Amino acid sequence: MPTTPLAAPVDLDGVLQRHQHNPTRLLQILIDAQDLAGWLPAPTLTHIAAALGIPRARVEGVAGFYSFLYTRPVGRYRVLFSDNITDRMLGNDGLMDALCRKLWVEPGKLSEDGLVSVATTSCTGLCDQGPAILVNGLAIGQLSHRRINEIAELIRQQRPLDLWPAEYFRVDDNIRRKDALLDLQMPPGDALRAAIARGRDGWLDEVRASRLRGRGGAGFATAVKWESARNAPGADKVIVCNADEGEPGTFKDRVLLNSYADLVFEGMTLAAWAIGASEGFLYLRGEYRYLRPQLEAALARRREAGLLGTAILGTPGFDFDIQIHLGAGAYVCGEESALIESLEGKRGTPRIRPPFPVVKGYLGRPTAVNNVETHAKTCLIALYGGEAFADTGTAQSTGTKLLSISGDCAAPGIYEYPFGVPITRILEDCGASDTQAVQVGGAAGICLANYEFHRHIAYEDVPTAGAFMVFDGTRDLFDVARAFVHFFAHESCGFCTPCRVGTSLLKGFMDKLADGHGARADLNDIEWLDRLLKNASHCGLGSAAPNPVIDTLQKFRPAYERRLVSLDFEPAFDLDAALAEARQLTARDDPGAHLKTHEEDAQ
Amino acid sequence: MTTPVPRKLRVATTSLAGCFGCHMSFLDIDEHLFELVELIEFDRSPLTDIKDVGPCDIGLIEGGVCNSENVHVLREFRRNCKTLIALGACAVTGGLPAQRNHLSLSECLREVYQFRPGVENGQIPNDPELPLPLDKVRPIHEVVRVDYFIPGCPPSGPAIWKFLTDLIAGRTPRLTGGLLHYD
Ligand SMILES: Cc1cc2nc3c(=O)[nH]c(=O)nc-3n(C[C@H](O)[C@H](O)[C@H](O)COP(=O)(O)O)c2cc1C
Ligand code: SF4
Ligand code: SF4
Ligand code: FES
């Protein structure tokens, strides 16, 4: 049941008590336990395993899975540079070098005095105000060399984070275009009242009439999902709001949670009303942890107003409450079955389906997982009816869509458009010029070249979970694809071989090209790997991992070909340089102590 | 009219940075060896005493690339073999010898030739007759183009037999089920 987040426990037993020694809360326990010392020393894991009565290997397995959990010492100040392509375009590598030099620390290592560690992390969702970092889990955007200098100084002085300038931690919404959802000013409870008045079946009919489709990427019909969950056997149904928002370039859920939290929670409650669920979870990505206090406050207000709890709005039998679970830096946990595993306190490994979550989800109970934006949108349907909702958009994509726009444009931020909006219009609105390509839908999405800018945002044309990254004529699309390949290799959960091995092989080939060892033969191998990943992966992460390469190879092939040093085969490394260390150790320099990298030269 | 007797395929094999386990596994095809020699003849191989590779149809490489001599031999195989096959984990990934990649070459050599208990005034060998070690052990496909890979440490005799008979019969080799393993 809801826990009070603000009174932080002072010791491990306090943490365990607060979570009722419940093994399904293992991930939450580890996150809180880490807050005590900054990392998770071995005795802590042993103690947790004993206290929960579960094998230590399970505790270690979970602690080892999430990138924000540390089983080795990290600095008292942990600085993580967001490493999305948009951060790279804004020069995050130069900033990271500068900070490391100032603090005498190497990237990825702990400083000798244990004061600071600096490393990179996947997109933190501040693409509209990057380059961004997380310091001990808290987001700071708009980095400049000046700000980096100041931060280095604060760390050197060991100034506690709560005494750092507050404006560092200010995260702007940057809402640039509002439509039905962002314009809505609804007193909390109005949508619920309308839905309750229609009855559970009547409310589900409205959702069906709206033809609402999921905003999390796959575009599944929301009414169908809700109906399956409602009809699945089992009385204890569960609503999950997916706020993992890990897709690089996506940050619209961040803005909804920051400024429209009541719409999101009301949407979850509307889903509970349709399905007959009594328990709800908001799965909040670790990167958005700074939002938690205000979200807990919103939940408390709603409980007080009778919008959560027992007999909601005086309706007998309508009992529902929401708790927040934190993620800890794992993109794959956005996949709904991995998310449920994570909610159960396990490693975020996608499940084998069927059974689908709507039948057997959280702890085997029927579970409806929806995206943050999907939940918020249902308020519009409750207020104005399903048909009115279906009036905007296109035949197969009703309503509006929030886009998170970043990259080479004058006004990055959030734009809400009715479905069907052409890419040209969006580019014009955000002040993009000389645009070479747009990556729609994040790393897993689709890369559009300028001859496709007449296409439309809609499930039937260019589907998207919301990311929209703009690249102008100065960008190299090979670098873009390579950054995304690195992302997938880093985020692969390692459960299935095609993806675990395939993403790292693909990364190896992209790096080979980048390092100046590319050959035509590598392009064949890349294309073979693309097919293998697409067809043999267990979940959507692996099957989407080759997308950026497939698209850019097709549309920006010269960016690859320019990097080829051979039309046939080229060794993966400089052979003669590989002998340098041995030459030095043996003080040899005879002809036999050298190798030619190219065989023709060798003959 | 006489139909020409089909020419026997020429096969060369070698062990680079490997343990000969893959060659032993090759010999594990037992009585199939008699069938095999009806279909092929060996060129350079530990099984013959031929020192240099001549033009061949098939080359089987055991082991990864750990020194300059491995590079020369591997290139000679690639130049001469129409089809080049990485046989076993070491050739495919670097395998066991690649464990040294976690250490620097100087750490390895100093430990063995200078600091090992019992060694006094030890020196890292520097005779020009000796090939120099590479800083890292590499899978063979990082040095030459490779046509096929047979995983396993070692691949089983039946897997090698299936692979070669497919190849000889003109079918694209395909290992499935129990024949395909990675350990
Ligand atoms: C690797 C991967 C990551 C995903 N990440 C997210 C995410 O961050 N947020 C999200 O809402 N859906 C994400 N999804 C999609 C979810 O699995 C699921 O389809 C979605 O949450 C359902 O909600 P919807 O029907 O409202 O779109 C992801 C899917 C995959 C395969
Ligand atoms: S495809 Fe990748 S992320 Fe998905 S289960 Fe397999 S290894 Fe894990
Ligand atoms: S793969 Fe195994 S059997 Fe073959 S050479 Fe390497 S270690 Fe020996
Ligand atoms: S992981 Fe050790 S044998 Fe498979």
Side-chain angles (χ1 to χ4, degrees), chain A residues 496-498 500-502 504-505 507-509 511-513 515-526 528-529 532 536 564-603, chain B residues 64-80 84 89 92-94 98 100-101 103-114 122-149 151 180-183:
Chain A
C496 71
T497 311
R500 182 184 63 247
V501 178
S504 83
L505 286 178
K507 176 176 173 220
F509 279 116
D511 289 350
K512 183 171 187 257
L513 261 66
D515 294 344
H517 300 292
R520 178 77 62 185
D522 299 324
L523 296 189
N524 296 342
D525 283 333
I526 286 174
W528 169 79
L529 270 173
L532 181 122
L564 304 185
V565 291
S566 154
L567 295 183
D568 178 26
F569 177 87
E570 177 73 16
F573 58 100
D574 180 336
L575 276 82
D576 194 49
L579 290 180
E581 196 175 346
R583 275 195 298 270
Q584 200 216 330
L585 287 165
T586 56
R588 279 179 56 186
D589 200 23
D590 54 287
H594 287 275
L595 275 171
K596 295 275 196 301
T597 291
H598 296 102
E599 208 183 348
E600 312 83 72
D601 313 339
Q603 282 172 354
Chain B
V65 184
C66 80
N67 63 28
S68 58
E69 193 207 3
N70 292 161
V71 174
H72 294 305
V73 173
L74 182 58
R75 281 175 164 170
E76 195 188 349
F77 267 70
R78 178 68 278 182
R79 267 200 306 279
N80 284 287
L84 194 71
V92 175
T93 69
R100 82 152 155 93
N101 292 357
L103 305 166
S104 76
L105 182 63
S106 48
E107 280 175 297
C108 288
L109 293 180
R110 293 220 165 95
E111 186 63 34
V112 172
Y113 292 105
Q114 296 180 322
Q123 201 202 334
I124 296 170
N126 61 356
D127 189 323
E129 289 288 300
L130 294 173
L132 285 183
L134 301 177
D135 57 354
K136 290 198 161 49
V137 178
R138 301 285 187 155
I140 65 169
H141 71 263
E142 293 195 353
V143 178
V144 298
R145 187 163 36 73
V146 175
D147 300 302
Y148 296 100
F149 298 84
L180 190 66
H181 64 94
Y182 296 89
D183 52 353

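Labels below follow one simple rule: chain letters A, B, ... track the order of the sequence lines, proteins then strands, and each chain is numbered from 1. Just so it is clear, the model here is predicted, and its values are computed rather than measured.
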Would you mind checking which part of [X] comes under 4.5 Å of any heavy atom in chain A, side chain (CB onward), backbone (N, CA, C, O), both or neither?
X        : result
B:Asn67  : neither
B:Val71  : side chain
B:Leu109 : side chain

Tell me, do A:Leu564 and A:Glu570 make a side-chain contact under 4.5 Å, heavy atoms counted?
no
Region of A:Asp568 in contact with chain B, defined by heavy-atom distances below 4.5 Å:
side chain
Got more than 12 heavy atoms from elsewhere within 6.0 Å of CD, A:Gln584?
no
Using modelled atom types only, decide if a donor and an acceptor are shared between the side chain of B:Glu107 and the backbone of B:Ser104 within a distance under 3.5 Å.
yes
Check whether any side-chain N or O of A:Asp511 sits under 3.5 Å from a backbone N or O of A:Gly508 as a donor-acceptor pair, and report yes or no.
no
Minimal non-hydrogen separation, B:Asp135 against B:Arg100, with atom names:
O-NH1, 3.1 Å
Output the option from A:Asp525, A:Thr586, A:Leu575 having the highest count of non-hydrogen pairs under 4.5 Å with chain B.
A:Thr586
For chain A, which of B:Pro133, B:Ser68, B:Pro128, B:Pro125 has the most heavy-atom pairs under 4.5 Å?
B:Pro128
